[in-house]
Amino acid sequence: MSDVARAAGVSVMTVSNVLNGRPNVGAETRIRVLEVVDELGYEINLTARRLRTGRTGTVGLIVPRFDHQYYSELAARVSDALAPEGLHLVVEQSGATRERELSALSLARLQQYDGVLLSAVGLDFADLDRIRTDVPIVLLGEQEVPDRYHNIKMGNVAGARLATEHLVARGARRVAVLGGRLETPHHDMASSRAQGWADALDAAGLAPDPELVIPLESFSIAEARAAIVERLAGGLAVDGILGVTDEIAIGAMAGLRDAGRVVPDDVQVVGFDNLRISDHVSPGLTSVDPGHDAMVAHALRLLRRQLEDRGAAPEHVVSDVALVERGSTRRPK
């Protein structure tokens with residue numbers, strides 16, 4: 001950094017601020033420093049930094065897939081929240097497999113990060129219980145986890161119940177849950193949201209019909225679209241659909257259109273996640289907002305807490321939910 005500072009005509013502190021992404025550097029100075037870094041071939045030695053400061057300045061985010069919009073939006077939100085602190089984000093794709101999630105949590109990999117946010121899908125309770133590390137970890141997800149982990153869950157049951165109540169209040173009586181699964185215990189997204197759907201129907205005096213639970217494998221738009229076309233062609237009677245994600249709900253709307261059904265006149269649709277795209281489909285998608293920004297703020301707060309106090313008592317947070325109404329559901333008369 002001293003070499004870079006001399007060549008750029010700035011202080012070592014300015015070079016450090018530029019390399020750490022801190023905002024208190026002018027644009028021209030930042031460009032000049034980065035040009036010198038490129039010319040000299042300077043590379044940050046994370047191992048040396050960790051030995052000197054105990055920190056790498058990097059946070060890891062491990063998600064199942066990059067091509068699901070929820071995870072890309074999550075990564076963007078985490079990156080934006082870290083930037084003012086001069087921290088960098090590295091995102092890894094686990095493929096939702098046990099092997100790759102374990103690999104991401106190996107001691108060698110964890111040493112690259114000051115902390116890790118893990119959206120675990122493939123790991124079970126026993127796998128998580130065997131992991132021993134001093135690197136702060138916050139688990140994002142629905143599965144049962146050992147008490148020693150900090151954990152943030154979405155309000156899946158409450159959100160799905162809210163969405164189903166909304167459909168029933170607007171006249172729907174045959175509400176399908178697309179992507180749901182009826183199984184217990186409810187330790188994943190699909191079964192938790194199906195539970196909220198069933199609870200709302202029970203409360204409304206409408207018996208949950210297993211025929212209206214439509215499981216999916218990949219949770220993709222294309223799979224959801226094809227599933228709706230197939231079920232409607234097979235005679236399924238439906239006047240409301242809860243997609244367990246926004247992408248699934250958007251696929252459902254496409255499938256309904258393929259089958260000649262009009263949203264919301266013939267079938268009303270609600271999604272879950274309140275992704276940015278939900279406001280840009282036609283009609284706009286009514287969706288459950290799980291409190292993305294609050295979840296990211298909680299996650300980073302829990303990472304910082306562990307960095308400051310390695311013995312901090314674990315917290316288990318469930319996010320608040322709200323319904324954002326758009327054109328895919330009818331206005332009450």
Side-chain angles (χ1 to χ4, degrees), residues 1-69 71-97 99-120 131-138 140 296-297 299-308 310:
M1 275 199 282
S2 297
D3 294 338
V4 172
R6 274 194 301 272
V10 298
S11 68
V12 172
M13 179 58 70
T14 297
V15 175
S16 176
N17 288 338
V18 170
L19 295 177
N20 284 290
R22 299 189 183 105
N24 56 331
V25 180
E28 291 185 7
T29 301
R30 187 180 301 277
I31 291 170
R32 185 164 73 253
V33 169
L34 291 175
E35 286 175 346
V36 171
V37 165
D38 186 55
E39 290 169 6
L40 298 182
Y42 175 83
E43 294 182 3
I44 299 172
N45 187 326
L46 293 180
T47 302
R49 173 187 284 181
R50 191 174 186 91
L51 288 172
R52 186 177 71 254
T53 68
R55 305 282 179 87
T56 67
T58 304
V59 171
L61 172 64
I62 302 162
V63 298
R65 300 193 62 82
F66 293 155
D67 58 358
H68 283 201
Q69 189 169 352
Y71 294 112
S72 63
E73 289 194 17
L74 173 65
R77 284 184 167 91
V78 174
S79 181
D80 289 344
L82 291 173
E85 302 178 45
L87 297 174
H88 303 284
L89 180 69
V90 173
V91 187
E92 299 188 43
Q93 177 174 269
S94 69
T97 66
E99 291 74 22
R100 289 173 67 178
E101 288 178 1
L102 283 173
S103 175
L105 291 177
S106 66
L107 185 60
R109 295 273 285 282
L110 287 175
Q111 295 305 313
Q112 302 176 53
Y113 306 125
D114 291 337
V116 170
L117 306 177
L118 169 64
S119 181
I131 295 168
R132 291 289 184 271
T133 177
D134 290 332
V135 175
I137 296 174
V138 176
L140 312 174
V296 169
L300 297 184
R301 175 181 63 81
L302 294 178
L303 282 183
R304 293 187 199 97
R305 187 169 175 229
Q306 293 177 79
L307 284 167
E308 294 164 3
R310 296 304 171 101

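If you read the sequence from its start, that first residue is 1, and numbering goes on from there. This one's a predicted model, so the numbers in the text were calculated from it and none came from an experiment.
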- Do you know the tightest heavy-atom contact between Val138 and Gln306? CG2-NE2, 3.7 Å

- Partners passing side chain to side chain contact (heavy atoms under 4.5 Å, CB included) against Asp3 (at least two apart in sequence or in another chain): Arg6, Leu40

- Task: State the CG-CD1 distance between Leu118 and Ile131, to the nearest 0.5 angstrom.
- Result: 7.5 Å

- Got a sec, which residues hit side chain to side chain contact (heavy atoms under 4.5 Å, CB included) with Thr29, two or more places apart in sequence or on another chain? Val10, Thr14, Val25, Arg32, Val33

- List the atom of Val36, the atom of Ala7, and the distance in Å for their closest heavy-atom pair. CG1-CB, 3.6 Å

- Is there a donor-acceptor pair closer than 3.5 Å between any side-chain N or O of Ser72 and the backbone N or O of Gln69? yes

- Message: For Ala75 versus Leu61, what's the shortest heavy-atom pair and its separation?
- Response: CA-CD2, 3.7 Å

- Measure the CG-CG distance between Leu117 and Leu74 for me, rounded to the nearest 0.5 Å. 7.5 Å

- Only counting residues at least two apart or in another chain, list the ones meeting side chain to side chain contact (heavy atoms under 4.5 Å, CB included) with Arg65. Asp67, His68, Gln93

- Message: Checking Glu92 now: which residues fulfil salt bridge (Lys or Arg N to Asp or Glu O under 4.0 Å) with it, not counting sequence neighbours?
- Response: Arg109

- Message: Just to verify, what does Ala76 make a side chain to side chain contact (heavy atoms under 4.5 Å, CB included) with, not counting sequence neighbours?
- Response: none

- Query: Do side-chain atoms of Thr56 reach the backbone of Gln112 as a donor and acceptor pair under 3.5 angstrom?
  - Reply: yes

- Note on the structure: Note: Gly115 and Val135 closest approach over all heavy atoms is CA-CG1, 4.0 Å

- Qualifying residue for side chain to side chain contact (heavy atoms under 4.5 Å, CB included) with Tyr113, from Val59, Thr58, Leu89, Leu303: Thr58

- Item | Taking every non-hydrogen atom, the tightest pair across Asp114 and Gly57 | OD2-N, 2.8 Å

- Task: Could you check if a side-chain atom of Leu105 sits within less than 4.5 angstrom of a side-chain atom of Thr133, using non-hydrogen atoms only?
- Result: no

- Note on the structure: Residue set satisfying salt bridge (Lys or Arg N to Asp or Glu O under 4.0 Å) with Arg77, at least two apart, ordered chain then number -> Glu73, Asp293

